[in-house]
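Just below is one structure, and these are the notes that go with it.
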Protein chains: 2
Amino acid sequence: MNFSVSEENYIKSIYHLQQQTDLVTTNSLANELQTRPASVTDMLKKLQVKKILEYEKYKGFRLNASGKKVALSIVRRHRLWEYFLVTKLGFEWDKVHAIAEELEHVSSPELIRKLDDFLNHPTADPHGDPIPDMHGKIAVIKQLSIADVPENKNVVVSSVSNQSPDMLELLKHYHIGIGTGLKVTTRFSFDGSVEIKVSKYAPCIISELVAKNIFVYHD
Amino acid sequence: MNFSVSEENYIKSIYHLQQQTDLVTTNSLANELQTRPASVTDMLKKLQVKKILEYEKYKGFRLNASGKKVALSIVRRHRLWEYFLVTKLGFEWDKVHAIAEELEHVSSPELIRKLDDFLNHPTADPHGDPIPDMHGKIAVIKQLSIADVPENKNVVVSSVSNQSPDMLELLKHYHIGIGTGLKVTTRFSFDGSVEIKVSKYAPCIISELVAKNIFVYHD
DNA sequence: ATTATTTTTTAGGTTTGTCTAAATTTTAAT
DNA sequence: ATTAAAATTTAGACAAACCTAAAAAATAAT
């Protein structure tokens, strides 16, 4: 199936919103896309005809399985281009979004395959968001404090929710940043603290509070 | 001034056609763009309002100075992307046109500036066509046989008009290909033959016929 | 349980870029 | 110099993607 730039933007925004709310509303999508609710309704009908949307009038909507697949391929393109812009062209990570937003609509699968090769199959973009693979599989992001982050398996830091100077100082001290690889070596259930090993450094212990603020994923 | 994708495609095609004919006709442009003459006329009016076109009804049209500048910036983007696709992503040179056609419309000047840096300021795309510089200056392409290709100045092979096996064999023998740098050392007016020096090889003499088929440019 | 408010949809209109068919102008042919 | 042919433009329509204003449905408030 083939999608226009406009359709792709709607798909991407619906995907983004339904990460948090499952069922998306017309107003929230209009707000996200800086457009009018009536325009959203128009597009919803089109996407429903194209069979990528579950939609019940007045109730809300969500992407179905094939819609999600389309969304993930757009997200993949966006994040690969962001990675390219930062690591190859030397852009600052906070300046690439708008340009990637344009590049993501260039629709050659061969281009994306070769770009991915060229970049050495990055797993996360410069903001720490995971890049879906060719088949639409995307890493799940979890708080480091959550018990089901497996022990002794390498995970990658995706984001840090608390950006206070104290937190940043602590992270710097432990050599933790976005993209840092680490593994959980032990969990102490007494106080929720976690022993981690950051690349080649000696293991260290971080409090539950810190672990709650660190988001990681594994492949 | 800001141009839509469609406008940019018209501008690029007009520029291309007026390289050969100076005054462009409605039919030829319709043919070039695979569209209808009536659609062309519609767009011509728009481009005239935007003051980038000299246009007299029923007579023909051409880009004015600012129109040419716009065209050259599009050509620049196109050819930089083609160069990128071949040299960085490993595409074959004959497979990149369609993709570059999409990428060229991504309109961030900062992106193009940084891409140009990243690629080390290439002067020609993989087909041998010169890349206009940041200010819209583009190398002029001439037959190597023409007297005003200066002597003892480095020029670059842009294209070869005769692709016969015999010609290709000869070119291979003299180590001449698209992108090859060479200089004219002597011209023999008796038969129009030209002595050239290809990079580090010994000087050699090519006939006027061969020289007529080799197109070069210098910066 | 009505009424009021908010949300969503419908109805109808606009712009961009395209089209076909008809009219006009230019060019070519007798 | 007319007439025939070709090129070009105009007129009117259409699809995509948006809009405003009004109607309909769902939600909240009394």
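Residue numbering restarts at 1 for every chain, and letters A, B, ... go by the order of the sequence lines. Owing to the predicted nature of the structure, the values given are computational and were not obtained by experimental measurement.
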Problem set entry | Value in whole Å for how far the P atom of D:dT8 lies from NZ of B:Lys59 | 14 Å
Exercise. Looking for any heavy atom pair under 4.0 Å, which part of the strands does A:Lys57 touch: base, sugar-phosphate only, or nothing?
Worked result: sugar-phosphate
Problem set entry | Contact residues, residues 29-44 of chain B to DNA chain C [heavy atom, < 4.0 Å] | B:Thr35, B:Arg36, B:Ala38, B:Ser39, B:Asp42
Exercise. Do B:Ser66 and B:Asn64 have a side chain donor and acceptor closer than 3.5 Å?
Worked result: yes
Exercise. Between atom CG in A:Leu23 and atom P in C:dT8, what is the gap in whole Å?
Worked result: 10 Å
Exercise. Any salt bridge between A:Glu8 and A:Lys12, counting N to O under 4.0 Å?
Worked result: no
Exercise. Does A:Ser73 have any side chain to side chain contact (heavy atoms under 4.5 Å, CB included) partners at least two apart in sequence or in another chain, and if so, which?
Worked result: A:Arg77
Problem set entry | Residue pairs, two or more places apart or on separate chains, that pass salt bridge (charged side-chain N to carboxylate O under 4.0 Å, His left out) and touch residues 13-37 of chain A | A:Asp22-A:Arg62
Cut-off 3.5 Å, no hydrogens considered: what does the side-chain donor-acceptor table look like for residues 82-95 of chain A, sequence neighbours left out?
| unit_1 | atom_1 | unit_2 | atom_2 | d |
| --- | --- | --- | --- | --- |
| A:Glu82 | OE1 | A:His127 | ND1 | 2.8 |
| A:Glu82 | OE2 | A:His78 | NE2 | 2.9 |
| A:Thr87 | OG1 | A:Tyr83 | O | 2.8 |

Using a 3.5 Å cut-off and no angle test, enumerate the donor-acceptor pairs between side-chain atoms of residues 136-146 of chain B and protein atoms at least two apart in sequence or in another chain.
| unit_1 | atom_1 | unit_2 | atom_2 | d |
| --- | --- | --- | --- | --- |
| B:Gln143 | NE2 | B:Lys212 | O | 2.9 |

Exercise. Do side-chain atoms of A:Ser207 reach the backbone of A:Ser193 as a donor and acceptor pair under 3.5 angstrom?
Worked result: no
N/O-N/O pairs, protein side and nucleotides 4-6 of chain D side, under 3.5 Å:
none

Exercise. Do any pairs count as a salt bridge (charged side-chain N to carboxylate O under 4.0 Å, His left out) and have a residue in residues 120-135 of chain B, sequence neighbours left out, and if so which ones?
Worked result: B:Arg79-B:Asp125
Exercise. Heavy-atom contacts under 4.0 Å between residues 98-108 of chain A and DNA chain D, which residues?
Worked result: none
For this session: Output all residues satisfying side chain to side chain contact (heavy atoms under 4.5 Å, CB included) with B:Ser4, sequence neighbours left out; order by chain, then residue number.
Result: B:Ser6, B:Glu7
For this session: Would you indicate, yes or no, if D:dT10 has its OP1 or OP2 atom less than 4.0 angstrom from a side-chain nitrogen or oxygen of B:Lys45?
Result: yes
Exercise. How would you list, by chain and number, every residue that makes a side chain to side chain contact (heavy atoms under 4.5 Å, CB included) with B:Val156, sequence neighbours excluded?
Worked result: B:Tyr217
Exercise. Sequence neighbours excluded, which residues qualify as side chain to side chain contact (heavy atoms under 4.5 Å, CB included) partners of A:Ser164?
Worked result: A:Asn162, A:Asp166, A:Met167
Exercise. Is the phosphate of C:dT9, meaning OP1 or OP2, less than 4.0 Å from a side-chain N or O of A:Thr26?
Worked result: yes
For this session: Establish, with yes or no, whether the OP1 or OP2 oxygen of D:dT9 is under 4.0 angstrom from a side-chain nitrogen or oxygen of B:Tyr55.
Result: yes
For this session: Identify the heavy atoms of B:Tyr55 and B:Gln48 that sit nearest to each other, and give their distance.
Result: O-NE2, 3.2 Å
Exercise. Quick one: does A:Asn154's side chain get under 4.5 Å of A:Leu182's, heavy atoms only?
Worked result: no
Exercise. Quick one, which residues of residues 5-18 of chain A touch DNA chain D with a heavy atom under 4.0 Å?
Worked result: A:Ser6, A:Tyr10
Exercise. Once you round it to whole Å, what is the distance between P of D:dT8 and OH of B:Tyr58?
Worked result: 10 Å
